[in-house]
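Each chain gets a letter, A, B and so on, in the order its sequence line appears, and its residues count up from 1. Every heavy atom of this structure was used, including side-chain atoms; hydrogens, water molecules and symmetry mates were not.
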Amino acid sequence: MSDQVEYNPQAIEAKWQKEWEARRTFEADPDPGRPKYYLLEMLPYPSGTLHMGHMRNYAIGDAVARFKFMRGFNVLHPLGWDSFGLPAENAALQHNIHPREWTNSNIAQMKAVCRRFGFSYDWRREISTCEPEYYRWNQWFFLRMYERGLALRKRSKVNWCPQCQTVLANEQVVDGCCWRHEDTPVESKELEQWFLRITDYSDRLLEDMNQLEGGWPARVLTMQRNWIGKSTGARVRFPVAGDRSRSLEVFTTRIDTIYGATALLVAPDHPLLPGLFAGRPDRDVLEASWNRMRRHILRPAELAAEKTGFDTGALVENPFSGERLPVWVANFVLSEYGTGAVMCVPAHDQRDFEFCRKYGLPVRVVVQPPGATLRGETLEAATSEYGRLADSGPYTGLASEEALGRMAADAAKGGFGGPETTYRLRDWGISRQRYWGTPIPIVYCGSCGAVPVPDDHLPVLLPAAVAVAAGGRSPLANVPEFVNTTCPKCARPARRETDTMDTFVDSSWYFYRYTDPRNDRAPFDPAAARHWFPIDQYIGGIEHAILHLIYSRFFCKMMRDLGLVDHAEPVLRLFSQGMVLKGGVAMSKSRGNVVPAMDVAERYGCDTGRVYMLFAAPPDKDLEWSDQSIEGCSRFLSRVFRLVDRHSRQSQASPANRSPAAGASPYTDAERALLRKTHQTLRRVTDDFEGRWHFNPSLAAVMKLVNEFYGREPLEECARAQVIQLCLERLTQMLAPFAPHLADELWEMLGHLGGLAHGPWPAYDPELATEDEFQVVVQINGRVRGHIVVEGGLADQELVRRALADPKVASFLEGKQVMKTVVVPDKLVNIVVR
RNA sequence: GCGGAAGUGGCGGAACUGGCAGACGCUCAGGACUUAGGAUCCUGUGGCCGAAAGGCCUUGUGGGUUCGACUCCCACCUUCCGCACCA
């Protein structure tokens, strides 16, 4: 047709976005009549521009959200901004702009991109964590934790990033460097800091992971388990020889090997060391070695590859054997884990083995692995296998498994130890010496000490006029109007805490706020949370596997203890999407390899961008950006547009053709074939959304269906217009989650009003989707030798008979003897010959 | 070192519980339409042999199980990710 209209994504997209907004299409409120579905993508940090790396996350989420909308779910799909954080302060320093201004202008830009992509967010629920209306509840939660002893101030060794000029939580240290500055080794400092006692929840965090099995990626669960690092063993106290009032404690998971201990090793910064040196003639020499080693240890980035140590000259007594053991300082013993001291069993621990071989300490085998008789003198490596105890006093002959329990119990009986469980997880240090964060609601009073700010004084407002400077202490300390206050208890002059909270506090509970975003009396209404929670599907990057995802699980449990929520886990299902790469590396502003999302929308339209994100790779794998591939997706959408356009013009000429074909005369073969392909594709796409989320082959199937229509041109000669109409309607519906704007436009072209956002998602007709003819592969000795076409459901013998009758197959069988036949109904016949 | 994931055409990737390897897209080639085509439509496109029919080879490597293996088992190689003195 000469007056063919071309696909104009920009016009179509603007039209439907306006329409959706006017109709409040994606606003969701509790509705007892429909099942709820809470779908969430991790909230973005407003860094400036949204690039296609970000968009992948939202394209996946939006496809699922729209599918659920179409299926009749009441979908809660919100978005907000993780808007506190250091980059805003850096921008302030570099461009002399206030962090708030920088942040808000970024939010405006990014929101414009999200709107340009037409995502199905309920914007009424938008939140921004840097607003007092939000962060006052961070303070409120802090106070509730303070009341319960879950927020506490303590002096401890903390990680210090010299770039950020602030403290980092353990979770924020990656390979000994800052998570934001991968080349900057973290330093160690002793500071007084606020901590949240996440360690009180170690066991619950671990146990409740059973509820997440299957719904969360296995590797995330593994990473969290390793991070919590539970290990069960025993604590044993070794008295100092000659002074039984003093002792050194060790933690061990292998108390069954204790008769093989030939030394006791302590960490270089063990608190009892100075006491051991005191009064010794060689004290100066010892302290010199000690200081050398400590300097090294204080820089965790320079982890020594080689084990070193020195003999303190002190002796302790093995409480089991009475044997005297030398006390050594060893650089590989960690002061933060266990008791900061270990028993050294060289025969059964590789680290101890290397240490003892280096320094000539004896090696003694006290557990013989099954079927072995090892000797310490000739041992080439430690053996950590369980076995039978040897040379172990009264325990000799016991199996390791049994000895572990019995010896720990005996240590308890003897009053020198007992069973113990340790964790790797440390308390969460939340103090940050930075400006752009939530002020910690504490006041220091000369007479009352640390006093919590009363609830009715919240929020403690972050002052606007602050000279942001990196100087190792919080910029807030330089704002007298902020610092100087009065004690809430005694009304005397007092000083405010000037550190702000780690921004991971903000993101630990934000998804509850979405359920009741404007509440000014509580963080949220428990009833609203109860309605929407738990989150049915959470989507985000793997980089939060332990940071955000363990903190928010902790918050949920804490909130449950406060009576705010009634579930143990906030997120039922988690999906980690792959990264978008360009030139083999992740797209990022700092690498300068980003493809701005707005560029894609302007050039191809956002529907094309979305389809490309879902088509180019499975959603959990990394995706390499390709300018050529996205062209292909653009072409595909144009093809669909032209197909429907042509059909709708013809229908307009004779509107009767629009009436449904149901009840019409039986379908012709060509019509059946068209309907069959359509319903097969529909089945595939439906199953995929409900199951594996392999959108790439799903979209491939839709493309194939479109090719099918093109291959039958001119369509109207092979099928009645009503049948074509029916098939195109299904095609349009199944395209809707992927290319929603185009789908709504096509839906209108097909004569329907109001778009497809709320469905319906069509049910596929199993009858129509069934093949009535099958192409059966005929193999001879496993090699394909022919094909036969048969009707479905043939008996095995009949299938074999027809296979043997095929002339081509027969020619291969000449002079051969059939040994056996294998039949897969409707699929395959394999003839085994000799 | 330990744990996990992965390895398929020129490229991105399909192949669900073992059953025609390479769907779909990109690239490239040819054709049609056209004043024109970098638009559109059609055809072809893993390698080798062959004019063709057809045959042989091919899913990191080597073995095994099976009528039949990308898929299961064993060993090895490579890449990526996580943990890494956690006692």
Among the nucleotides B:rC42, B:rC85, B:rG25, whichever has the atom closest to the side chain of A:Lys307 is B:rC85
Base, sugar-phosphate or nothing for A:Arg225? Non-hydrogen atoms, less than 4.0 Å. nothing
Classify A:Asp687 by what it touches in the nucleic acid, base, sugar-phosphate, or nothing, heavy-atom distance under 4.0 Å. nothing
Are the aromatic rings of A:Phe636 and A:Tyr7 close, with centres under 6.0 Å apart? no
Counting any heavy atom closer than 4.0 Å, what does A:Gln779 reach on the DNA or RNA strands: base, sugar-phosphate only, or nothing? base
5'-most contact on RNA chain B (nearest-nucleotide basis), A:Ala616 vs A:Gly632, goes to A:Ala616
Does a side-chain N or O of A:Lys827 approach OP1 or OP2 of B:rG19 to a distance below 4.0 Å, or not? no
Residue closer to the 5' end of RNA chain B, A:Pro618 versus A:Arg254 (nearest nucleotide): A:Pro618
Please enumerate all protein N or O atoms sitting under 3.5 Å from an N or O of nucleotides 4-6 of chain B, with distances to 0.1 Å.
none

In whole angstrom, give me the gap between the P atoms of B:rA5 and B:rA53. 45 Å
Using a strict threshold of under 4.0 Å (side-chain N to carboxylate O), is an ion pair present between A:Arg684 and A:Asp688? no
Within this structure, what is the CZ-to-P distance between A:Arg785 and B:rC67, rounded to whole angstrom? 19 Å
In whole Å, what separates the C1' atom of B:rA69 from that of B:rC20? 14 Å
A:Met734 side chain near A:Val702 side chain, heavy-atom distance below 4.5 Å: yes
Figure out the CZ/P separation between A:Arg235 and B:rC86, and round it to whole Å. 18 Å
Ignoring backbone atoms, test whether A:Asn696 places a side-chain nitrogen or oxygen under 4.0 Å from the OP1 or OP2 oxygen of B:rA14. yes
Could you state the CE-P distance from A:Met703 to B:rC26, rounded to the nearest angstrom? 8 Å
Spacing of A:Gln628 atom CD relative to B:rC24 atom P, expressed in whole Å: 19 Å
Does B:rC41 have OP1 or OP2 under 4.0 Å away from a side-chain N or O of A:Arg642? yes
Checking all strands, does A:Asp352 fall into the base, sugar-phosphate, or nothing category for heavy-atom contacts under 4.0 angstrom? nothing
Which is true for A:Val832 with a 4.0 Å heavy-atom rule: it touches a base, it touches only sugar-phosphate, or it touches nothing? sugar-phosphate
Base, sugar-phosphate, or nothing for A:Gln775, non-hydrogen atoms under 4.0 angstrom? base
Electrostatic pair A:Asp806-A:Lys808, nearest N-O below 4.0 angstrom: no
So, OP1 or OP2 of B:rG25: does either fall under 4.0 Å of a side-chain N or O from A:Asn707? yes
Quiz item: A:Glu624 side-chain donor-acceptor pair to B:rC11 base, under 3.5 Å: no
Which nucleotide wins on minimum distance to the side chain of A:Arg424, given the candidates B:rA84, B:rC67, B:rA87? B:rA84
Answer yes or no: is there an ion pair linking A:Glu380 with A:Arg357, defined by an N-O contact shorter than 4.0 Å? no
Step by step, would you call A:Arg225 with A:Glu213 a salt bridge (Lys or Arg N to Asp or Glu O under 4.0 Å)? CA-CA 12 Å; A:Arg225 280 199 187 96; A:Glu213 213 73 60; 3.1 Å; yes
Under 4.0 Å, counting only non-hydrogen atoms across every strand here, what does A:Ser231 touch: a base, just sugar-phosphate, or nothing? sugar-phosphate
Side-chain N,O (A:Arg646) to OP1/OP2 (B:rU40) below 4.0 Å: no
So does A:Lys358 pair up with A:Glu354, basic N to acidic O under 4.0 Å? no
Does B:rC26 have OP1 or OP2 sitting under 4.0 Å from an N or O in the side chain of A:Arg635? yes
Spacing of the C1' atoms in B:rC49 and B:rG10 (rounded, Å): 22 Å
If the glycosidic angle sits within 90 degrees of zero it is syn, else anti. Tell me which applies to B:rG38. anti
Gap in Å between the two P atoms, one belonging to B:rC42 and one to B:rC26, rounded: 12 Å
Within this structure, what is the CZ-to-C1' distance between A:Phe812 and B:rC56, rounded to whole angstrom? 12 Å
Phosphate-side-chain proximity, A:Arg783 and B:rA21, N/O vs OP1/OP2 below 4.0 Å: no
Are any of A:Arg712's side-chain N or O atoms less than 4.0 Å away from OP1 or OP2 of B:rC42? no
Taking atom C1' in both B:rU17 and B:rA39, what distance in whole Å separates the two? 46 Å
Would you please confirm or rule out a distance under 4.0 Å between OP1 or OP2 of B:rG1 and any side-chain N or O of A:Arg351? no
Within the structure, does a side-chain N or O atom of A:Tyr423 lie under 4.0 Å from either OP1 or OP2 of B:rC86? no
Strand partner of B:rG62, provided both Watson-Crick or wobble distances fall under 3.5 Å: B:rC74
With side chains defined as the heavy atoms from C-beta onward, is the minimum distance between A:Phe238 and A:Phe416 less than 4.5 Å? no
Checking base pairs now: Watson-Crick or wobble, both atom distances under 3.5 Å. What partners B:rG38? none
Testing B:rG19, B:rA14, B:rA87 for proximity to the side chain of A:Pro697, the answer is B:rA14
Before accepting this row, confirm whether a basic side-chain N of the pair A:Glu708/A:Lys704 lies closer than 4.0 Å to the acidic partner's carboxylate O. no
Using only heavy-atom distances, determine whether the side chains of A:Thr421 and A:Thr232 contain a donor-acceptor pair under 3.5 Å. no
Could you check whether A:Tyr710 gets within reach of a base, just the sugar-phosphate, or nothing at all, counting any heavy atom under 4.0 Å? sugar-phosphate
Return yes if the base of B:rC16 and the side-chain atoms of A:His694 contain a donor-acceptor N/O pair under 3.5 Å, otherwise no. no
Rounded distance (Å) that lies between atom C1' of B:rC81 and atom NE2 of A:His544: 17 Å
If the C1' atom of B:rA23 is compared with that of B:rU59, how far apart are they to the nearest Å? 15 Å
When both distances are under 3.5 Å in a Watson-Crick or G-U wobble arrangement, the nucleotide paired with B:rC24 is B:rG12
When the P atoms of B:rG1 and B:rC73 are compared, how many Å lie between them, rounded to an integer? 23 Å
Should A:Phe641 and A:Asn8 count as side-chain neighbours, where that means a heavy-atom distance under 4.5 Å? no
Need one value for A:Thr253: base, sugar-phosphate or nothing, where a base atom within 4.0 Å counts as base even if backbone is also close, heavy atoms only. sugar-phosphate
Could you tell me whether A:Val784 contacts a base, only the sugar-phosphate backbone, or nothing, with contacts defined as non-hydrogen atoms closer than 4.0 Å? sugar-phosphate
Output the rounded distance in Å from CD (A:Glu336) to P (B:rC86). 13 Å
From CG of A:Asn830 over to P of B:rG19, roughly how many Å is that when rounded to an integer? 13 Å
Regarding A:Gly338, tell me which of base, sugar-phosphate or nothing describes its non-hydrogen contacts under 4.0 Å with the strands shown. nothing
Are a donor atom and an acceptor atom from the side chains of A:Tyr423 and A:Thr199 found within less than 3.5 Å of each other? no
Between B:rC86 and B:rG13, how far apart are the two C1' atoms, rounded to whole Å? 42 Å
Please check the phosphate of B:rA23 (OP1 and OP2 only) for any side-chain N or O of A:Lys704 closer than 4.0 Å. no
